[in-house]
Amino acid sequence: MIEKTFDHKEAFKKWSKVWDETSLYKCDIESAKKPFYNLWMFPYPSGARMHVGHAYASTGSDIIGRYKRMQGFDVFQPMGFDAFGIHGENYAIKIGQHPLKLMEDLCNRFRDEQFKAIGHGYDWSREIRTYWPSYYKWTQWLFIKLYEAGLAERKEAQVNWCPSCKTVLADEQVIAGECERCHSVVKKKLLKQWFFKITKYSQKLLDNLDKIDWSPKVIEAQRNWIGRSEGALIKFEIFNFKFEIEVFTTRPDTLFGATYIVLSPEHPLVFQITTVGQQEKVQKYTSDSLAKSEIERTLTEKEKTGVFTGAYAISPVNGKQIPIWVADYVLSGYGTGAIMAVPAHDARDFAFARKYNLPIIEAIARINESNKTNVTDEVYEGDGVLVNSGKFDGMTSKEGGEAIVKKLEGLECGKFAVNYKLRDWLISRQRYWSAPIPIIYCKKCGTVPVPEESLPVELPYVEDWKPKGDGRGPLANVYDFVNTVCPKCGGSAERETDTLDNFLDSGWYFFRYPYSQREAVPFDYQEESFKKWFPVHLYIGGAEHSVLHLMYTRFLTMALHDMGIVPFDEPFIKFFAHGHVTKNGKKMSKSLGNIVNPDEYIDKIGADAFRIYLMFMGPYSQGGDFNDRGISGVTRFLERFYRLALRDLKSLKLSKSLKTKNEVEKALAKTISKVTADIEEFRYNTAISAMMTFVNVWEKETLLKERVGDVVKILAPFAPFMAEELWQEYFVDKGGEFKSVHKELWPIVDKNLLVEDIVTIPITVNGKLRGKITVPSDQLDDATAVLKMAKSEEQILKYLLTNIIKKEIYIKGKIINFVI
RNA sequence: GCCGAAGUGGCGGAACUGGCAGACGCGCGGGUCUCAAAAACCCGUGAGGAUAAAACCUCGUGAGGGUUCAAGUCCCUCUUUCGGCACCA
């Protein structure tokens with residue numbers, strides 16, 4: 001007899017057509033009773049095709065979506081493309097095509113040739129693309145809402161400039177001094193730019209981390225990025241000047257050890273206090289260090305440099321005069337851009353003081369006296385007891401710090417303060433391919449936001465769209481775009497020509513999905529349905545967006561909440577960070593030439609096998625190295641599965657009264673409960689191995705038709721095509737209404753089948769395995785009887801005959817140990 | 001430098017809350033089927049020792065120490081790899 005094997009191409013064609021025709025994955029937003037918003041970070045097309053990383057991440061999201069659907073949830077699983085912005089534009093530059101045409105093609109291809117091929121249950125009827133005017137109209141609306149709320153501001157600042165992308169970048173987009181996208185070394189540039197005041201939410205962004213269910217590593221990354229530290233602001237008067245310098249310190253307890261002050265080169269007081277004799281040196285030093293990139297500054301870390309300004313500050317506690325220096329180891333953007341240097345208790349100050357022969361005074365005695373070294377030999381950064389600190393001597397660091405700040409408060413030259421590393425979000429970009437910032441500059445009325453009824457400010461189609469690098473965006477050269485009329489006074493005015501950071505385009509997209517067909521609103525927060533779908537129930541994505549996308553979405557949601565627009569302040573109840581697929585241990589990238597394309601695999605082994613292969617590589621949270629050596633294992637598994645299903649289903653047609661053995665039923669019950677628990681925890685690899693284990697048992701015994709149905713159901717989220725094929729062939733009335741396996745209810749396990757009647761208990765002697773006994777499960781509670789049985793076990797007996805038992809341990813149902 | 005995660009067979013990885021280490025899969029060895037091969041199926045597979053064969057014994061989760069009747073799992077020290085942050089006062 002020739003066995004029919006599963007034809008994945010045939011099944012793919014057949015079922016994707018039926019799923020499309022019956023709108024299987026379309027979600028009824030309004031009438032859904034058990035909503036489950038299953039969101040996966042939409043991709044940005046920055047290459048010709050999706051790579052295996054997209055397939056990996058999205059498959060993990062699709063599996064939980066399918067599972068939830070079978071749990072009776074109304075699953076909303078939308079998809080779209082983050083196709084506006086610098087990544088797509090850079091690709092367009094590379095291949096020399098206009099980004100509009102290119103993105104249109106790429107998104108269509110991703111959707112029609114790739115996403116559909118892998119069998120994900122997306123509701124494409126609500127697709128969004130960030131470059132569609134119907135979408136970015138609302139991105140601009142959001143900008144204006146933030147502007148009106150006082151959260152958007154235009155200011156001149158030293159900003160990060162990527163010379164290769166020819167645009168500014170937000171702090172979050174600078175990774176170790178390099179551009180997040182192209183890895184060029186980022187320079188500083190003084191420009192007037194738009195910022196969102198995310199720092200207003202520093203504390204809330206931090207506090208809320210305790211109440212959201214997110215992958216811990218993302219929480220930790222955000223916490224570090226926000227970088228809260230507690231300390232004090234202290235004012236130092238300047239000798240012979242009326243200015244004051246304010247410094248931030250986390251160690252007010254070391255104030256008596258401050259022997260000099262350091263200003264960052266960007267500090268506004270530098271030139272006002274520098275004495276005539278020092279002017280030339282200071283001038284040269286500051287201009288040199290401003291010309292350096294961040295990375296050059298940090299690379300010279302070992303060799304700290306600085307110059308004396310000639311001025312002196314007066315210590316507010318003891319009136320001592322201490323010199324004021326300028327040095328670029330002090331950063332302008334953190335705290336006040338100035339520090340009190342305590343070389344005895346700070347490694348950086350210590351190194352600097354040693355180099356320039358500045359005094360080192362101990363303010364904290366080392367707690368560990370045993371290894372007392374000279375203060376000029378070694379820095380001590382720990383806590384201790386105050387010394388050389390006048391009436392504060394003898395206090396601990398904690399007490400002393402508090403007492404000193406309280407005293408300064410009395411003198412009105414100091415106070416407790418909290419500082420954050422988080423900076424405001426720079427959102428201007430000197431690029432073409434994103435939403436224009438909807439602002440008009442009028443000579444008479446000043447800065448005027450574009451009124452909502454005039455949105456969108458459409459991005460003009462131009463041929464000359466490449467970045468110029470002169471600090472202005474390409475739109476600045478588009479006469480018809482720039483010149484406009486003021487919405488307030490009707491006089492002639494000019495448009496802002498920078499575009500919005502792509503992270504704003506993608507910062508709110510999840511709000512748009514359910515309402516993507518609506519023209520009059522961005523999302524309908526007044527509707528009943530809004531409360532059903534938000535906050536998003538589950539968000540899956542990569543941890544590389546911890547401090548970018550995920551921080552911005554939280555900020556935007558908080559801002560919308562405070563405006564009274566959304567009734568919650570966190571966008572995602574649960575966020576799960578999936579792992580990444582590497583190739584030969586390295587991140588896949590075009591430059592390394594190690595990108596794996598999923599298409600050929602899907603073509604060869606089918607979407608089902610490919611999905612399972614990807615998920616079987618390792619835990620979804622960890623990713624893994626792509627290596628197709630093991631791929632035959634999963635195809636073999638699916639083929640065996642299919643063959644066994646047919647074996648039992650076909651034979652049942654002949655004889656319905658086939659008696660199944662209890663063993664296989666029990667094994668199935670165990671499998672279902674394991675697979676269920678594993679999916680809930682995103683442990684897809686062990687869910688798959690549980691099904692494989694089951695197939696090994698199934699091979700030996702037959703199953704009743706109904707039970708075969710259960711196995712098909714638990715396979716369905718992983719292998720949607722094969723499951724559908726089996727289901728339609730054997731479990732539904734042909735010719736009737738189409739009832740997909742993907743809408744069947746997930747099997748419920750009969751708890752009785754999970755209980756074992758006989759339990760095997762290992763017996764150890766001095767912790768080493770020496771034997772086993774089997775005990776009927778109703779006798780497990782009787783420790784005396786179990787131990788008695790254990791003692792008479794053949795192997796154990798020989799140890800017990802020649803030794804005395806010192807101790808006997810029995811852990812119910814688990815283990816027996818004799819200490820002899 | 002700081003923070004986080006991890007180190008388990010030839011390989012990817014299992015092991016709930018301290019209780020039989022190596023599930024499942026790959027690879028490999030042997031076999032069945034075949035003229036032969038492929039496919040499929042069956043048996044074996046951590047290392048070492050012992051035996052005619054078994055039973056059996058010793059070692060074994062990056063290294064070293066510790067807690068415990070019992071440690072891959074907990075504690076301390078060290079080490080390597082990966083990820084994040086990085087002169088943040």
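Protein chains get the first letters and strands the later ones, always in sequence-line order, with residue 1 at the start of each.
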Quiz item: B:rA40 P sits how many Å from A:E699 CD, rounded?
Solution: 12 Å
Exercise. Residues of residues 766-775 of chain A with any non-hydrogen atom less than 4.0 angstrom from an atom of RNA chain B: list those, numerically ordered, please.
Key: A:K768, A:R770, A:K772
Exercise. Please work out if A:I631 contacts a base, only the sugar-phosphate, or nothing of the nucleic acid, heavy-atom cut-off 4.0 Å.
Key: nothing
Quiz item: So A:Y684 and A:F682, would you call those rings parallel, tilted or perpendicular, with 30° and 60° as cut-offs?
Solution: perpendicular
Exercise. Identify which one of A:D346, A:V262, A:L263, A:T249 satisfies the side chain to side chain contact (heavy atoms under 4.5 Å, CB included) criterion when paired with A:I339.
Key: A:V262
Just distance, no hydrogens or angles: give the donor-acceptor pairs under 3.5 Å from side chains in residues 253-260 of chain A, sequence neighbours left out.
residue, atom, partner, partner atom, Å
A:D253, OD1, A:R251, NE, 3.0
A:D253, OD2, A:R251, NE, 3.3
A:D253, OD2, A:R251, NH2, 3.0
A:D253, OD2, A:S397, OG, 3.0
A:T254, OG1, A:R251, O, 2.8
A:T259, OG1, A:P359, O, 2.8
A:Y260, OH, A:Y329, OH, 3.4
A:Y260, OH, A:D349, O, 3.0

Self-check item: All ring-ring contact (aromatic ring centres under 6.0 Å, His included) counterparts of A:F641, not counting sequence neighbours
Solution: A:W698
Quiz item: Looking across every strand, which nucleic acid part, if any, lies under 4.0 Å from A:N419 by heavy atom: base, sugar-phosphate, or nothing?
Solution: nothing
Exercise. Could you walk me through whether A:E663 and A:K700 pass salt bridge (charged side-chain N to carboxylate O under 4.0 Å, His left out), step by step?
Key: CA-CA 10 Å; A:E663 279 312 300; A:K700 294 175 185 80; over 6 Å; no
Exercise. Measure from NZ on A:K700 to C1' on B:rC43 and round the result to the nearest Å.
Key: 12 Å
Taking only N/O atoms, report every protein-nucleotides 66-68 of chain B pair under 3.5 Å with atom names and distance.
none

Quiz prompt | side-chain contact (heavy atoms from CB on, under 4.5 Å) involving A:E544 - partner list, sequence neighbours excluded | solution = A:H580
Quiz item: Going by an N to O cut-off under 4.0 Å, is there a salt bridge joining A:E220 and A:R223?
Solution: yes
Quiz item: Taking atom P of B:rA40 as reference, at what distance in whole Å does atom CZ of A:R636 sit?
Solution: 5 Å
Exercise. Apply side-chain contact (heavy atoms from CB on, under 4.5 Å) to A:S229 and list each qualifying residue two or more places apart in sequence or on a separate chain.
Key: A:F248, A:T250, A:Y334, A:N419
Quiz item: Looking at residues at least two apart in the chain, or sitting in another chain, which of them share a ring-ring contact (aromatic ring centres under 6.0 Å, His included) with A:W214?
Solution: A:F575
Quiz item: Please, what dot-bracket string fits RNA chain B when only Watson-Crick and G-U pairs with both distances under 3.5 Å count, crossing ones use [ ] and pairs to another strand use |?
Solution: (((((((..(((......[....)))((((((.......))))))((((......))))..(((((..]....))))))))))))....
Quiz item: Between A:R643 and A:E639, is the closest basic N to carboxylate O distance under 4.0 Å?
Solution: no
Quiz item: Which part of the nucleic acid does A:K217 contact within heavy-atom distance under 4.0 Å: base, sugar-phosphate only, or nothing?
Solution: nothing
Practice problem: Classify the nucleic acid contact of A:S546 as base, sugar-phosphate or nothing, counting any heavy atom under 4.0 Å across all strands shown. | Solution: nothing
Quiz prompt | For A:K814, salt bridge (charged side-chain N to carboxylate O under 4.0 Å, His left out) partners two or more places apart | solution = none
Quiz item: What parts of residues 811-820 of chain A reach RNA chain B, counting only heavy atoms under 4.0 Å away?
Solution: A:I811, A:K814, A:I815, A:N817, A:V819
Exercise. Verify the distance criterion only: is there a donor paired with an acceptor across the side chains of A:W425 and A:E172 at less than 3.5 Å?
Key: no
Quiz item: Hey, would you say the A:F626 and A:Y601 ring centroids sit under 6.0 Å apart?
Solution: yes
Self-check item: Side-chain N,O (A:R643) to OP1/OP2 (B:rC41) below 4.0 Å
Solution: yes
Quiz item: Across the strands shown, which category fits A:R223 at heavy-atom distances under 4.0 angstrom: base, sugar-phosphate, nothing?
Solution: nothing
Quiz item: What is the nucleic acid contact for A:T764, judged by heavy atoms within less than 4.0 Å: base, sugar-phosphate only, or nothing?
Solution: nothing
Self-check item: Residues forming a side-chain contact (heavy atoms from CB on, under 4.5 Å) with A:I322, sequence neighbours excluded
Solution: A:F236, A:I261, A:A313
Practice problem: Tell me which residues in residues 619-629 of chain A put a heavy atom below 4.0 Å from RNA chain B, sorted by number, or none. | Solution: A:P619, A:R629
Practice problem: Could you tell me whether A:K415 and A:E246 have a side-chain N and a carboxylate O separated by less than 4.0 Å? | Solution: no
